[in-house]
4 protein chains.
Amino acid sequence: MRGRGRGGDARTRILDAAEELFAADGYEATSTARVARRAGVPKGLVFHYFPQKIDLLVALVEERTHIEEPGAAPTAEDTARDPAGALARLARRLPLRASPAMRRILFREADTHRSVRDRLHALNRAVLHRARAALEIALPGARGDAARLEAAAATFTAVLLYQENLAHLTGHHVDPEAVAELIARSLGT
Amino acid sequence: MRGRGRGGDARTRILDAAEELFAADGYEATSTARVARRAGVPKGLVFHYFPQKIDLLVALVEERTHIEEPGAAPTAEDTARDPAGALARLARRLPLRASPAMRRILFREADTHRSVRDRLHALNRAVLHRARAALEIALPGARGDAARLEAAAATFTAVLLYQENLAHLTGHHVDPEAVAELIARSLGT
Amino acid sequence: MRGRGRGGDARTRILDAAEELFAADGYEATSTARVARRAGVPKGLVFHYFPQKIDLLVALVEERTHIEEPGAAPTAEDTARDPAGALARLARRLPLRASPAMRRILFREADTHRSVRDRLHALNRAVLHRARAALEIALPGARGDAARLEAAAATFTAVLLYQENLAHLTGHHVDPEAVAELIARSLGT
Amino acid sequence: MRGRGRGGDARTRILDAAEELFAADGYEATSTARVARRAGVPKGLVFHYFPQKIDLLVALVEERTHIEEPGAAPTAEDTARDPAGALARLARRLPLRASPAMRRILFREADTHRSVRDRLHALNRAVLHRARAALEIALPGARGDAARLEAAAATFTAVLLYQENLAHLTGHHVDPEAVAELIARSLGT
DNA sequence: AATGAATGAGAATTCATTCAT
DNA sequence: AATGAATGAATTCTCATTCAT
């Protein structure tokens with residue numbers, strides 16, 4: 001708890017501004033001056049909190065993308081009757097707490113700084129892990145074919161995690177729930 | 001065919017350099033001076049051929065990403081016996097002629113200039129169209145469920161087109177052939 | 001004697017830090033923030049004690065370079081038998097009480113602020129005066145040639161006062177005792 | 001041979017300006033903007049020729065302080081009759097071709113960059129070497145006492161090389177010719 | 001077509017200094 | 001006395017772009 005009011009506010013407003021602008025225009029194309037203007041703080045204050053421009057990006061990634069601990073795992077009973085539903089539920093409980101803006105930043109700036117790439121990889125691993133677990137529980141019959149299950153989990157993870165970016169980049173949306181059903185049918189029986 | 005000689009060479013070398021550098025570091029983070037240096041030409045010459053920096057990007061996209069006309073469409077006989085194989089063949093004959101570097105540029109700089117985004121959308125439409133056609137021919141039984149077929153085509157397109165970027169971003173590769181088989185199983189019978 | 005406690009400590013630590021840093025990197029290249037950090041005090045406190053950065057330099061020069069009152073002047077008996085020794089003893093009792101760091105600061109920052117230059121000149125005058133006196137007593141025969149005695153005193157003062165800086169700048173050390181002997185031989189008989 | 005006129009001029013004018021300003025105010029206290037203004041060129045041009053500020057200093061030292069090859073060494077006949085004169089002549093033919101401004105820069109900025117310090121040391125070695133040679137020829141009798149000759153050479157070098165800086169710093173001038181005579185008397189017979 | 005000096009707007013960053021608490 | 005957030009002017013440096021040759 002900061003208790004200081006304005007001081008904490010300024011830092012937060014700076015990060016808010018950076019998040020918006022990095023998402024809209026990219027890290028390189030966003031000047032620190034614009035961040036300051038948008039945040040309503042003097043230029044110097046940005047460097048008071050973030051001595052280098054890159055620290056803005058690093059702070060955003062560290063503070064605004066949280067990979068949640070998995071809650072209660074789906075039980076066999078939950079999923080047995082409705083494998084597609086189990087995946088769909090996973091889709092809705094994506095363990096990434098990050099605004100759409102932060103997802104775009106993670107995605108676009110993955111090469112800008114190691115910390116971004118690392119976070120993206122960690123996130124991907126987490127989602128992949130949970131998708132695999134969901135599939136294993138939902139479709140015990142599929143266990144026989146590990147490679148197929150792996151492909152299904154990877155596909156679902158890709159669609160789930162990058163759906164917004166894919167939509168943005170391709171102009172075409174892929175619905176994770178439809179993919180969930182597709183996969184369930186493929187692995188079922 | 002353009003008259004080459006010195007001039008053509010220089011222009012080509014400039015585009016080569018821009019392609020490498022834009023792919024490695026991004027458009028914004030690449031200065032025209034570095035492009036000139038890498039191309040081994042004087043700084044002024046870059047602006048002789050490409051009056052604005054953005055023209056480098058536009059030229060790359062226009063000249064180095066070609067969406068091929070579909071060759072002979074797969075016949076029903078080809079695919080009936082091997083639906084997954086039909087998709088897999090599509091994977092191998094991806095109608096985008098573009099180096100991996102150009103794919104990364106298309107992908108990363110989609111927001112930098114309208115021409116890039118347009119080309120990416122056009123490409124996505126072309127691949128999606130062909131995947132849909134392949135699925136329709138390969139799996140006539142699936143026609144009943146248009147939505148499912150659409151999801152399958154979209155999923156396959158995404159995996160096919162972005163496989164390298166997904167691998168780069170996630171550290172995890174998704175194999176299009178495995179996805180082809182997954183989809184074939186799902187839509188079959 | 002000042003009432004010390006916390007405040008005195010902080011002020012002293014600030015001056016200690018400034019002395020180290022000014023000597024090592026120069027006044028201009030040393031930021032007040034670095035002084036504060038090295039001193040282990042908050043930035044604001046530096047300006048509490050020294051409202052302007054230049055006050056740090058002025059305070060160092062005023063408080064940490066003392067020109068000592070000459071103690072008992074050498075008597076004729078002392079020096080008559082050993083003129084070179086008399087100069088050498090002067091060398092050992094250089095009337096400047098200042099750390100090597102402070103000498104470097106005096107020397108390097110002479111142009112930075114009038115107070116530094118003034119102190120340096122005063123110091124030079126004091127040493128020159130004592131060297132002259134020592135020579136006059138030690139070498140009564142030399143009195144006849146005032147110009148020569150003056151040159152000897154000036155040379156000895158230069159070597160004595162700047163020996164460390166000369167060594168630092170030239171990579172070559174000049175030994176004041178050897179110069180003392182040289183001068184004694186020159187003026188003797 | 002540059003043959004371009006203005007272009008060469010601009011670079012030269014920039015170095016001229018830097019030399020003046022560095023000598024007067026020191027390297028750190030001189031902004032590149034002031035250098036540009038004084039040189040009458042736009043700010044950007046300074047960085048065209050000298051990508052980093054320190055390159056101005058390095059270029060000055062490399063291009064404007066030349067240590068001359070010794071001309072004809074003084075012969076024994078030249079010096080035998082007039083040892084002090086031989087040293088005095090050395091004083092007048094100091095093998096450093098550098099303006100007084102450059103000498104101040106060499107001296108003051110020795111710690112700012114390695115290249116400056118190196119040049120200063122090289123210069124000192126060259127002068128010391130020649131002073132030693134002159135003394136050996138002029139005062140063959142002194143050969144017996146190597147240590148004394150060494151001290152004499154070092155003293156003369158210091159006075160010769162740093163006379164302007166010593167005068168500037170101390171407010172007192174030491175005349176190299178008087179020191180030459182002093183030394184000659186000391187080593188003679 | 002080829003060249004590289006010239007230009008100036010704007011970028012990141014530094015820093016002395018102020019001030020409310 | 002102590003603190004560190006706040007401020008903005010100044011600094012170094014970058015860069016797309018122009019232009020004379």
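Letters A, B, ... are given to chains in the order of the sequence lines, protein chains preceding strands, and every chain is numbered from 1. Note: hydrogens, waters and symmetry copies are ignored here, and every other heavy atom, side chains too, is used.
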Separation of [X] atom [atom1] from [N] atom [atom2], in whole Å?
| X | N | atom1 | atom2 | result |
| --- | --- | --- | --- | --- |
| D/Ile14 | E/dA5 | CD1 | C1' | 11 Å |
| A/Tyr49 | E/dT14 | OH | C1' | 18 Å |
| B/Gln52 | F/dC15 | CD | P | 17 Å |
| A/Arg11 | F/dT7 | CZ | C1' | 19 Å |
| C/Tyr27 | E/dC15 | OH | C1' | 12 Å |
| A/Lys43 | F/dT7 | NZ | P | 14 Å |
| A/Asp9 | F/dA5 | CG | C1' | 13 Å |
| C/Arg34 | E/dT17 | CZ | C1' | 19 Å |

Check: C/Lys53 side chain, C/Phe47 main-chain N or O, donor-acceptor pair, under 3.5 Å: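 No.
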Sidechain-backbone polar pair: A/Arg13 side chain, A/Ala39 backbone, donor-acceptor under 3.5 Å: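 Yes, because the side chain of A/Arg13 sits within donor-acceptor range (under 3.5 Å) of the backbone of A/Ala39.
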Minimum-distance nucleotide (side-chain atoms of C/Lys53 versus F/dA6, F/dT17, E/dT17): E/dT17
N or O in side chain of [X] less than 4.0 angstrom from [N] OP1/OP2:
| X | N | value |
| --- | --- | --- |
| C/Ser31 | E/dT14 | no |
| C/Thr32 | E/dA16 | yes |
| A/His48 | F/dA6 | no |

For A/Glu28 against B/Ala29, the heavy-atom pair lying closest together: OE2-CB, 3.5 Å
5' priority, DNA chain E, between B/Leu45 and C/Ile54 [closest heavy atom]: B/Leu45
Nearest-nucleotide comparison on DNA chain E, the residue closer to the 5′ end among C/Phe47 and B/Gly44: B/Gly44
Dot-bracket encoding of pairs in DNA chain F, which uses [ ] for pseudoknotted crossings and | for another strand, Watson-Crick or G-U under 3.5 angstrom: .||||||||||||||||||||
Lys/Arg N to Asp/Glu carboxylate O, B/Arg119 vs B/Glu109, below 4.0 Å: no
Pair D/Arg104 + D/Glu164: basic N to acidic O under 4.0 Å: no
Non-hydrogen side-chain atoms of A/Arg117 and B/Leu169 separated by less than 4.5 Å: no
Considering only distance and modelled atom types, tabulate donor-acceptor pairs under 3.5 Å from the side chains of residues 59-66 of chain D, sequence neighbours left out.
| from | atom 1 | to | atom 2 | distance (Å) |
| --- | --- | --- | --- | --- |
| D/Glu63 | OE1 | D/Arg11 | NH1 | 3.2 |
| D/Glu63 | OE2 | D/Arg11 | NH2 | 2.9 |
| D/Arg64 | NH1 | D/Asp16 | OD1 | 2.9 |
| D/Arg64 | NH1 | D/Glu19 | OE1 | 2.8 |
| D/Arg64 | NH2 | D/Asp16 | OD1 | 2.9 |
| D/Thr65 | OG1 | D/Val61 | O | 2.6 |
| D/His66 | NE2 | D/Glu63 | O | 3.0 |

Of B/Ala29 and C/Val46, the one whose closest DNA chain F nucleotide lies more 5': C/Val46
Residue closer to the 5' end of DNA chain F, A/Val41 versus D/Glu28 (nearest nucleotide):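 It is A/Val41 whose nearest nucleotide is closer to the 5' end.
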